[in-house]
Each structure stands twice: as structure tokens, then as C-alpha cells.
Amino acid sequence: MEYNFKTVEKKWQKFWKENNSNHTVIDQSKPKFYVLDMFPYPSGAGLHVGHPLGYIASDIYARYKKLCGYNVLHPMGFDSFGLPAEQYAIQTGQHPAITTEENIKRYREQLDNIGFSFDWDREVRTSDPEYYKWTQWIFIRLFDSWYNRLTNKAEPIETLISHFRNHGNVDADIPSGEADYFSSEEWLDFSEKRQQEILLKYRLAYISEATVNWCPILGTVLANEEVKDGVSERGGYPVEKKKMKQWSLRISEYAQRLLDDLEGIDWSDSLKEQQRNWIGRSEGAEVNFKVHGTDFAIEVFTTRPDTIFGATFMTLAPEHELVEMIVTPEYRNEVMNYVFEAKNRSERERMADVKRITGNFTGAYAIHPFTNEKIPVWIGDYVLAGYGTGAVMSVPAHDSRDYAFARHFKIPIQEVVRGGNIDVESYDAKDGKLINSDFLNGLSVKDAIKKAIDAIEKKGIGKGKINFRIRDAVFGRQRYWGEPIPVYYKDGLPFTVDEKDLPVVLPEVDKYLPTEDGEPPLARAKDFSYKGFPLETTTMPGWAGSSWYFLRYMDAKNQNQFASSQALDYWKDVDLYIGGAEHATGHLLYVRFWTKFLKDLGFIHIDEPAKKLINQGMIQGRSGFVFRKKDSNVFISNGLKNNYETTAIHVDINIVENDILNINAFKNWREEYKNAEFVLEDGKYFCGTEVEKMSKSKWNVVSPDDMIDKYGADCLRLYEMFLGPLELSKPWNTNGITGTSNFIRKLWRLFHKQNGAESVISISNESPTKDELKVLHKTIKKVKEDIERFSFNTSVSTFMICVNELTDLKCNKHAILEPLTIILSPYAPHIAEELWQMLGHADSITKAVFPEFNEEYLIESAFTYPVSVNGRTKINLPLPLSLSKEDIETSLLKMDEVTKLLNGQSPKKIIVVHGRIINIVI
RNA sequence: GCCCGGGUGGUGGAACUGGUAGACACGCAGGACUUAAAAUCCUGUGAUCAUUGCGAUCGUGCGGGUUCGAUUCCCGCCCCGGGUACCA
């Protein structure tokens with residue numbers, strides 16, 4: 001009997017379920033290990049073969065760690081708030097909760113079929129009120145906190161209030177940058193309303209009038225992280241800038257810590273680099289330039305204060321508030337037109353033609369603080385209102401954008417760092433000696449920066465300053481299917497709902513669309529109020545629930561806390577996190593932010609959510625094509641298509657095997673192909689192929705269910721790992737799956753022998769031979785090393801070699817097969833369980849212990865081996881391959897022999913690597 | 001433009017700290033078994049030349065360098081993938 005994966009897999013999945021095999025509880029006697037996957041959004045399309053890739057890897061690792069004696073937390077859940085369910089609801093009127101529930105059910109089935117060892121008792125769903133109650137609770141904590149820049153952490157708002165009472169705010173920076181200072185007396189005199197308004201400028205969750213990314217088609221605002229190339233990340237709809245009252249989270253206060261703590265975590269370089277760029281720290285100085293004939297001063301930010309003597313003009317962003325005040329009457333019209341145009345250009349347009357240089361002279365002049373020369377003030381849209389101070393001192397000689405602007409408008413260019421040829425291009429490098437710069441002359445750029453900042457500070461015209469690119473995260477969404485923000489309004493001011501009244505549940509609405517006056521869908525709900533006051537009608541963004549879910553898994557059913565301190569202290573942080581790199585500047589930044597915030601308030605004791613992160617690659621689709629001869633129902637095989645005039649048509653990749661079309665299936669695929677005719681090559685129809693994104697419309701979606709039906713879950717698991725390195729993106733190609741399928745069958749045959757027509761279990765109790773032990777221990781060593789460095793593809797190869805060698809040795813010995821089965825079980829859990837039972841064990845293999853390898857069996861025993869001479873020609877040395885230290889000594893003594901082999905030439909130098917002669921130099 | 005990552009057979013990919021390049025698998029070719037097919041097993045498979053046996057030469061994107069020895073390290077260039085985009 002061949003291996004019947006269908007009955008075996010069902011049998012063990014049932015067994016695991018009935019015995020609750022994957023449930024984990026806190027066990028102080030064992031070290032913990034937390035393996036986490038990024039949880040999926042349960043879409044209507046179900047899983048395709050690309051989705052489980054990361055889950056298979058994490059499952060292998062989790063099972064491996066379990067066998068190594070760790071108490072492993074390996075949970076799964078659903079990121080179940082999101083746009084598709086809502087859009088479906090808008091179209092059909094069906095409540096998103098219902099579609100979401102159905103989709104989750106389908107996902108769960110698919111995941112179970114693959115045989116994952118998730119602890120489903122800990123399942124979380126972000127759209128479950130029992131879960132989002134705590135998301136709302138964290139929001140309230142954010143609202144009730146401020147960032148103390150002296151202690152460098154978040155503190156309860158009460159500490160700020162008492163500070164105001166005693167000292168006012170003269171000694172504290174205002175995070176929002178507004179300079180309205182007050183004394184303690186003034187604070188006490190303020191009305192409650194005024195006090196609350198001031199506190200809003202400090203709260204980590206705050207509402208403010210701000211320029212936001214508005215997506216009219218989605219009808220909602222988006223965070224910077226959700227906008228890519230001027231269009232929404234989801235759906236690709238255009239995004240425009242708009243001023244709106246918005247909830248935001250003050251992530252910018254955490255910029256430095258988010259940057260610094262990247263050092264201590266084991267994430268990929270590219271991902272850390274993306275986060276660094278996103279945070280965008282730049283060191284420099286803020287300098288004030290007086291505007292000639294007025295009391296105004298233009299404040300600029302520059303990273304190159306050393307080049308201040310090269311500043312030949314100033315440029316303001318069109319939106320800069322000073323523009324209107326300093327523009328001279330004769331330029332007013334031109335300038336205001338320019339400002340108007342610039343404001344109305346969408347982000348998209350502005351990005352599309354970065355090369356276009358536009359700007360306008362304002363008629364005003366600034367006074368250079370060191371030379372007292374008058375330098376013209378321009379406006380230009382290459383200066384961004386949202387970064388730095390929205391104004392720059394333009395140094396065309398040493399900044400390529402200023403250079404282009406100066407060239408275009410014929411503004412003088414003054415070289416101050418020697419290095420390039422400024423007649424051709426700007427010299428931006430921070431390398432060279434200062435010239436034409438008064439007291440900076442002769443200094444290197446590095447020293448000049450320091451000296452310039454000193455001089456600027458001494459003169460009282462500015463100070464050294466660090467700027468970050470990262471903006472606060474917009475937190476409100478004008479959508480239905482998200483967590484309600486637990487806030488109500490009294491007297492126009494926001495207050496949070498009492499903790500005991502959480503969760504604020506999503507109200508029923510008649511439609512999932514905005515109201516006629518453009519209010520969010522929640523405004524449709526009847527009596528959506530709290531204690532008679534109106535509740536906030538925007539909801540939280542998709543990333544709210546995912547910013548802390550890893551903590552909820554630790555104690556998923558806790559009714560009184562987001563997780564008990566006992567659970568938090570035991571499980572601490574994620575040891576291995578696997579998920580897609582596309583979350584680099586979204587989820588992975590927010591989850592770090594919330595972790596740091598919760599730590600500041602003392603709820604958890606970790607700085608970072610995940611010690612190690614691995615980004616699995618994307619699996620692309622491999623589309624198949626048939627070629628229809630023009631105006632006919634005749635299809636031409638790929639190799640012959642150039643002889644005809646043909647059109648390529650996507651064909652369902654599931655009726656193509658090894659690029660050969662299943663002609664009968666094709667005829668049945670669609671009515672119109674029923675009578676199709678074919679021009680074949682060697683009696684076969686070869687399809688054309690192309691790598692594209694996996695999508696329904698391209699007919700290249702391969703479902704894991706089909707693969708499991710055909711080859712079994714273990715085969716799918718092995719094959720997905722065998723495809724290549726986990727991090728690599730690659731097209732799905734079913735062609736090679738027979739390899740892993742053969743492997744499983746070969747393994748099965750090791751335990752069975754043919755008895756006539758019948759095959760019977762055959763396991764020998766004889767003691768293994770040296771060769772057999774060598775095969776086993778080699779395999780254990782390699783597999784262990786490979787799992788530990790996440791090289792799952794090579795360990796699958798190792799298994800294949802092992803089974804091939806055991807087959808050659810006809811080895812069916814218990815003593816070999818038992819440990820082999822254990823080390824295989826993370827990869828192919830179903831067959832491993834079956835074999836484990838066959839070997840006579842009543843317990844599940846998950847209770848077994850990962851075997852240790854024994855170095856002794858690995859020593860080579862060959863007696864001649866090839867050695868290079870001068871790195872080229874090879875001779876065979878009659879010496880053991882593996883040498884101990886003493887062996888090397890003696891082998892050196894045998895150099896007479898070597899000399900003989902080298903036709904009498906004596907070796908100059910002998911290179912020994914890993915106790916083995918590699919090369920002889922003569 | 002800038003910042004990361006990467007270029008190895010017909011294909012996916014191995015080669016861990018510089019030490020026998022191409023493991024393993026797919027595909028292909030030939031053979032065994034079979035009435036036949038499937039399944040299974042065996043042999044070959046980087047290129048060129050020689051195949052009467054041992055073989056010989058070239059070969060990890062291109063050009064150079066370091067080294068007894070380079071897919072691996074260094075310099076210059078080309079190409080591909082990802083991120084980012086006027087961030088002063």
C-alpha cells in the first residue's frame with residue numbers, strides 16, 4: 001500500500017484537535033519561546049499558496065523549539081477590521097461582521113488543513129468587542145499621557161498638570177511648537193476649557209487642525225505610511241492634501257528612541273534601513289535671517305551651517321505664513337498667483353514633475369547675519385512646508401536643488417567649499433576645505449559645521465537642532481468598520497469614556513456610507529452618545545488593533561486586563577516574528593511605538609516587541625497561456641506559435657502540468673472551448689508562461705487546498721520550504737513538487753516491504769551499522785544547524801539525501817528511524833506522527849525530544865584524498881582525511897612520502913584547514 | 001538621483017568563517033520491469049575537445065587586484081529586484 005496521506009492527515013488533525021495538543025500554558029519550569037506570525041486579514045478570496053509560506057516556516061521553528069524543550073507560544077488570529085469587508089457591505093448591505101465571520105471560518109479551515117500547530121485557544125480578532133475594548137483602553141492611556149522630554153518617556157497627564165500648577169510651562173517645550181508660555185498663576189486662572197485646550201497640545205493622542213492626506217474615493221484620511229507615490233496604498237486611489245480636524249498620535253516624540261533601539265534587534269538590514277529613512281533624523285542648525293526693513297525674521301533649518309557664506313538667496317515654501325507679510329506690493333500679484341497655483345496642485349502632480357523648476361521673487365530681502373549683505377527672498381515649491389521650518393537658506397554652490405533653482409533664475413552662485421567644479425554642477429559632498437567664508441576659511445566641513453553652530457549660538461540668531469522627517473500619525477478614519485474612538489464631546493472639547501463603560505461598541509447603522517453632510521458613517525447611528533453627549537464618529541485606522549495584538553495572545557481571554565502581569569512577565573516579547581517586508585514603515589513602526597509607550601507607563605517591561613524578525617518573500621503567480629489562431633478555435637502549442645498569427649489567452653494554471661495543457665480539462669473549462677482543436681508538439685500541447693502577480697483575473701491562483709488534495713499537506717509544506725530561501729521572492733511553480741512527493745513515498749517505503757501484492761510494515765530491531773549511524777548523525781547535525789539559521793530549504797535537501805542513503809543501505813532499523821522521524825516532524829508532522837505510532841509509541845511525537853548528534857560518527861574514514869599543489873593540479877595523498885593535531889604533526893613527518901609523490905620536489909609550505917591538508921606549495 | 005539586496009547549468013537553487021563550484025530537486029536523454037501505461041529502479045546530464053582506459057582546457061554578470069588558492073575579500077563598470085523621493 002502506498003502512503004495514503006488523505007486518511008493519515010485527517011487522522012492526526014483530528015487527534016491534535018481532540019487532545020488539544022497545541023495548547024500552551026505558562027510553565028515556569030521551562031524556558032519560553034514566542035513564535036509569532038503576522039496575522040492575516042481574512043479576505044473573501046481565501047488563502048493562496050503564497051500566504052502560508054511564512055506560517056510554514058514559523059510552524060517548523062515552533063515545533064523544533066518544542067522538541068528542544070521550550071515552552072512555545074505559537075498563536076494565530078485575525079486582523080479583521082478593514083476596507084474590503086466594508087466596501088462589500090456598502091454594495092450588498094450585509095453587515096461586515098457577517099462577511100468577516102464567514103471569511104474567518106474559511107481561513108481557519110484552510111489553515112487547519114495544512115496542519116499548523118497554532119494554539120487556537122488564544123485566537124484574537126481585532127474586530128471582536130472583547131478585543132477592541134482594550135485597543136480603546138490603550139487609546140485612553142495615550143490620551144491621558146504626555147511625553148516628558150526631560151525623563152524621556154511618557155507620563156500620566158497628571159504629572160504635567162501638577163507641573164503647570166507649580167511652574168507654568170516656561171521651562172517646558174511645547175510639543176506642538178506653539179510658543180504660548182504661561183506662569184503657574186496664569187494656569188490657575190485659566191478656565192477649564194482653556195486648560196483642556198492647552199493639555200491637548202501635550203497629549204499623546206490629540207485632536208488638531210492639521211493638513212492630512214485625504215482620499216476622496218475612499219472617503220477617508222490616511223496616515224503618511226498609508227500613502228505611496230501620491231496614491232493610497234490600498235486600492236491605489238489619488239490622495240490630496242486637506243486641512244481637517246483630526247485625531248493624531250504623537251509618534252514623533254518617540255523618533256529618537258525608535259531610531260536608537262534598532263541597534264539592539266535582529267531585523268534585516270534593509271528593513272532597519274527603511275525605518276531609519278522613514279524616521280529621517282538630520283542634524284543641523286536653525287538660523288534666523290532678518291527681513292530687510294521689517295521686524296520679521298525667516299527661520300531656516302540647515303544641515304550645512306558651514307556653507308552659510310554661500311547662501312545667495314532664501315527660499316520659502318509657498319504655504320509659508322511669512323510670504324503674505326513680506327511680499328512687496330509690486331510682486332504681490334505674481335506671488336499670490338503662484339501660491340494659489342501651488343496650493344491647488346495635488347501631491348501627485350507635484351511629484352510627477354519634480355524636474356520642473358518654478359518659483360517667484362517676493363521683492364523682499366533678508367540680511368545675511370554674518371556679512372550683513374542683502375540677499376533676495378524667493379518662494380518655490382521645491383521647499384516643503386511640512387519639513388523643518390518651511391524655509392531654507394539657499395546655497396546653490398553646494399546643494400543640487402538650490403543650484404538648479406539658481407541656474408534657472410540666474411541667481412549668483414558662491415563657492416565656499418573647495419572640491420567640485422561649480423560651473424558644471426553643485427558640489428554637495430561633505431568633504432573639502434572652506435573658502436570665501438571669513439572665520440571658517442581653511443577648516444574641514446566637519447569642523448566648520450561645529451564652528452558655525454557655535455558662532456550662530458553666540459550671536460543669538462539660532463541654535464543647533466535635530467530634525468526628524470517622521471510626522472505624527474493621523475489616527476481617525478471616516479469609516480464604519482473600525483474601532484470606535486472612545487471619546488465624547490462636551491462643550492466642543494474631547495473627553496474619554498470611563499474605563500468601566502468600555503467597550504464603546506460599533507453601533508448599528510442603516511447604511512455604511514457617509515451621511516449626506518459628509519459626516520462619517522457612525523453619525524448615522526441613532527442615539528450614538530455617552531451620558532447625553534455626542535460620541536466621536538471617526539473610527540481607528542486598520543493598524544490600531546495590530547499594534548498590540550502580540551500582547552493579547554499572552555492572555556487572550558482576560559476580562560479584567562489586556563493581559564495579566566503574570567502572563568506578560570512570563571512571555572515577555574516575541575522571539576521570532578515572521579511576516580512581510582511591506583509592513584516596514586507601517587505596522588512594524590507602530591507596534592514598536594505602542595510597545596515603548598506601554599513600557600513607559602509600566603504595564604510591560606520590554607522596549608521592543610520582537611527580538612528577531614524575518615521577512616518571507618512574496619510568492620508570485622506563474623501564468624499559463626494558450627495561443628489561439630486568429631479567427632478560429634484552433635490552439636497552437638507554444639513552440640509552433642510563431643508560424644501562425646495567434647493571440648495569447650490566460651489559461652487556468654490548475655489544468656496545466658509541467659507546462660503541458662490537460663486538453664480534456666481545457667475542453668471542459670469553458671463552453672466555447674468544447675470543440676477546440678489543437679496543433680501539438682510531440683503529441684503534447686505546451687503552454688507559454690509568464691510571471692505575474694497572483695490574482696484571480698490572471699487565472700494563476702494556486703490554492704493550497706488543491707495542492708493538499710493532490711499531494712498532501714506534508715508535501716506542500718516540504719515543497720514550499722524546498723523552493724528556495726525564505727526571504728526570497730519567487731514565482732510559484734508546481735513543476736517540482738513531484739520531488740518532495742517522491743521523498744515522502746520513499747520514506748514510507750523504508751518502513752514497508754512488499755509481500756506479494758500486499759505491503760507490510762517492516763521495522764528491524766537489529767543494531768545499526770557504522771555507516772547507518774553516520775548517515776543519521778550527519779543528518780541530525782545538518783538539520784539542526786539549518787533550522788537554527790532559518791535555512792529550511794537546505795534542510796529539506798538533507799532529508800532527501802538521508803532517505804536516499806538509507807534506501808541504498810536498505811536500512812529499516814528502529815534505532816535509526818526513530819530519531820529521524822523526530823527531526824522530520826517539524827516539516828512533515830502528519831507522516832511523522834503516523835511513523836511514530838508505527839514505531840510503537842503511544843504518545844504524540846510532540847512529546848519527543850530532538851536528538852543530539854554524536855561527532856564520533858562523523859569522522860571520515862577514507863584513506864586517500866585529493867590535495868592541490870600550488871592551488872592547481874591535484875595529487876592523491878595516502879593520508880586520513882580528518883586529522884587530529886597529532887596527526888598533522890605526523891603527516892608533516894611523512895613529507896618524504898609527499899616529496900616522492902611530487903617527483904622529488906620538496907614542499908615549501910603546507911596549508912592545513914580544519915585538520916586537513918588542502919594545498920601544498922612547491 | 002540616493003539607500004539596501006542580488007547576478008552561479010535548460011530551471012529552482014547549494015557551497016556556513018577564502019579551501020574539491022554546481023549539493024538536492026525539477027527537466028531532459030538512455031536503459032530495466034511491463035502487452036501497454038502509470039508507478040518504481042538504474043545510468044548520464046556546466047561547456048568544449050577527447051572518448052580506447054586514465055582524461056584535458058575553460059567556467060560563478062564584465063574588467064582588474066590581493067592570495068598558494070576567490071562564487072566568497074578589495075577597486076572600477078554593467079544589469080536585475082526592493083525601498084525612497086525635492087527632507088534643506
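Throughout, a chain's letter reflects where its sequence line sits, starting with A, and its residues are numbered from 1. Everything numeric in this text was worked out from a predicted model, so none of it was measured. Only this structure's heavy atoms are used, side chains among them; waters, hydrogens and symmetry mates stay out.
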Original post:
Whom does B:U57 pair with, Watson-Crick or G-U wobble, provided both distances fall under 3.5 Å?
Top reply: B:A47
Subject >> Non-hydrogen atoms of A:Tyr827 and A:Val783 that approach each other most closely >> reply: CE1-CG1, 4.5 Å
**OP:** Report yes or no: does A:Arg304 contribute a side-chain atom to a donor-acceptor pair with the main-chain N or O of A:Asp428 at less than 3.5 Å?
**Re:** yes
Original post:
Nearest of B:U40, B:C86, B:C3 to any side-chain atom of A:Glu273?
Top reply: B:C3
Original post:
Taking a pair as Watson-Crick or G-U wobble with both distances under 3.5 Å, which nucleotide is matched to B:A14?
Top reply: none
**OP:** If B:C41 has a Watson-Crick or G-U wobble mate with both distances under 3.5 Å, name it; if not, just say none.
**Re:** B:G31
**OP:** Give a yes/no answer on whether the side chain of A:Asn742 brings an N or O atom under 4.0 Å of OP1 or OP2 in B:A39.
**Re:** no
Original post:
What nucleotide, of B:A85, B:G13, B:A88, holds the atom closest to the side chain of A:Tyr387?
Top reply: B:A88
**OP:** Choose from B:G13, B:U84, B:A88 the nucleotide whose nearest atom is closest to any side-chain atom of A:Thr585.
**Re:** B:U84
Original post:
For B:A88, does either OP1 or OP2 sit under 4.0 Å from a side-chain N or O belonging to A:Thr315?
Top reply: no
Subject >> Check: A:Ile308 and A:His368 side chains under 4.5 Å, non-hydrogen atoms >> reply: yes
Subject >> A:Glu785/A:Arg789 ion pair, N-O < 4.0 Å >> reply: no
Original post:
B:U66 and B:A15: how far apart are their C1' atoms, nearest whole angstrom?
Top reply: 22 Å
Original post:
For atom P, what is the distance between B:A50 and B:A14, given to the nearest Å?
Top reply: 36 Å
Original post:
With rounding to whole Å, what would you report as the distance between B:G12 and B:G63 at their C1' atoms?
Top reply: 30 Å
**OP:** When you get a sec, tell me which of B:C86, B:A25, B:C42 is the closest nucleotide to the side chain of A:Asp808?
**Re:** B:C42
**OP:** Would you please indicate if the ring centroids of A:Phe405 and A:Phe313 are separated by under 6.0 Å?
**Re:** yes
Subject >> Opposite nucleotide pairing with B:U84, Watson-Crick or G-U, both atom distances under 3.5 Å >> reply: B:G1
Original post:
Rounded to whole angstroms, how far apart are CG on A:Leu747 and P on B:U40?
Top reply: 15 Å
**OP:** From the options B:A14, B:A25, B:A88, select the nucleotide whose nearest atom is closest to the side chain of A:Asn793.
**Re:** B:A14
Original post:
Using the C1' atom in both, what is the distance from B:C62 to B:C79, to the nearest Å?
Top reply: 10 Å
**OP:** Would you kindly give the CD1-to-C1' distance between A:Ile379 and B:C86, to the nearest whole Å?
**Re:** 16 Å
Original post:
Does A:Asp808 CG have over 12 foreign heavy atoms under 6.0 Å away?
Top reply: yes
**OP:** Using the P atoms only, state how far B:C33 lies from B:A38, rounded to an integer number of Å.
**Re:** 16 Å
**OP:** Pick the P atom in B:G69 and in B:G76, then give their distance to the nearest Å.
**Re:** 23 Å
Original post:
So how far is it from A:Ile744 CD1 to A:Phe5 CZ, rounded to the nearest 0.5 Å?
Top reply: 9.0 Å
**OP:** Please determine if a side-chain N or O atom of A:Arg276 lies less than 4.0 Å away from the OP1 or OP2 oxygen of B:U84.
**Re:** no
Subject >> Watson-Crick or G-U wobble mate for B:G9, both contacts under 3.5 Å >> reply: none
Original post:
Roughly how many Å is it from CG in A:Leu589 to P in B:G83, rounded to a whole number?
Top reply: 17 Å
**OP:** Pull up the glycosidic torsion of B:G9 and say syn or anti, syn being anything within 90° of 0.
**Re:** syn
**OP:** Answer with base, sugar-phosphate or nothing: what part of the nucleic acid does A:Ser270 contact at a heavy-atom distance below 4.0 Å?
**Re:** sugar-phosphate
Subject >> Residue closer to the 5' end of RNA chain B, A:Gln274 versus A:Lys746 (nearest nucleotide) >> reply: A:Lys746
**OP:** When you get a sec, tell me which of B:A15, B:G5, B:C41 is the closest nucleotide to the side chain of A:Asp269?
**Re:** B:G5
Subject >> Base partner of B:U71, which must satisfy Watson-Crick or wobble distances under 3.5 Å >> reply: none
Original post:
How far, in whole Å, is B:C58 from B:C74 if one measures between their P atoms?
Top reply: 26 Å
**OP:** Considering just the side-chain nitrogens and oxygens of A:Asn735, establish if one lies under 4.0 Å of OP1 or OP2 belonging to B:A25.
**Re:** no
Subject >> d(CG, A:Leu728; P, B:C80) in whole Å >> reply: 18 Å
**OP:** Give the C-alpha distance, both sets of side-chain angles, the deciding distance and a yes or no for side chain to side chain contact (heavy atoms under 4.5 Å, CB included) between A:Leu806 and A:Leu820.
**Re:** CA-CA 11 Å; A:Leu806 291 180; A:Leu820 177 66; 3.8 Å; yes
**OP:** Kindly point out which of B:A88, B:C86, B:A14 is positioned nearest to the side chain of A:Thr794?
**Re:** B:A14
Original post:
Taking CG from A:Asp786 and P from B:C24, how many angstroms apart are they, rounded to a whole number?
Top reply: 15 Å
Subject >> Value in whole Å for how far the C1' atom of B:A14 lies from CD of A:Glu785 >> reply: 15 Å
**OP:** Could you please name the option among B:A88, B:C24, B:C86 that lies closest to any side-chain atom of A:Ser797?
**Re:** B:C24
**OP:** Pick base, sugar-phosphate or nothing for A:Pro731, based on heavy-atom distances below 4.0 Å to the nucleic acid.
**Re:** nothing
Original post:
Atom OH of A:Tyr403 to atom C1' of B:G1: distance rounded to whole Å?
Top reply: 16 Å
**OP:** Remember a base hit wins even if backbone is also touched, and classify A:Asn733 as base, sugar-phosphate or nothing at under 4.0 Å, heavy atoms.
**Re:** nothing
Subject >> OP1 or OP2 of B:A39 under 4.0 Å from side-chain N/O of A:Arg745 >> reply: no
Original post:
How close or far is atom P of B:G83 from atom CG of A:Leu588, stated in whole angstroms?
Top reply: 15 Å
**OP:** Rounded to whole angstrom, note down the P distance from B:C3 over to B:A23.
**Re:** 38 Å
Original post:
Do A:Leu750 and A:Thr807 come close enough that some side-chain heavy atom pair is under 4.5 Å?
Top reply: yes
Original post:
Between A:Ile801 and A:Gly724, which has a closest nucleotide on RNA chain B that is more 5'?
Top reply: A:Gly724
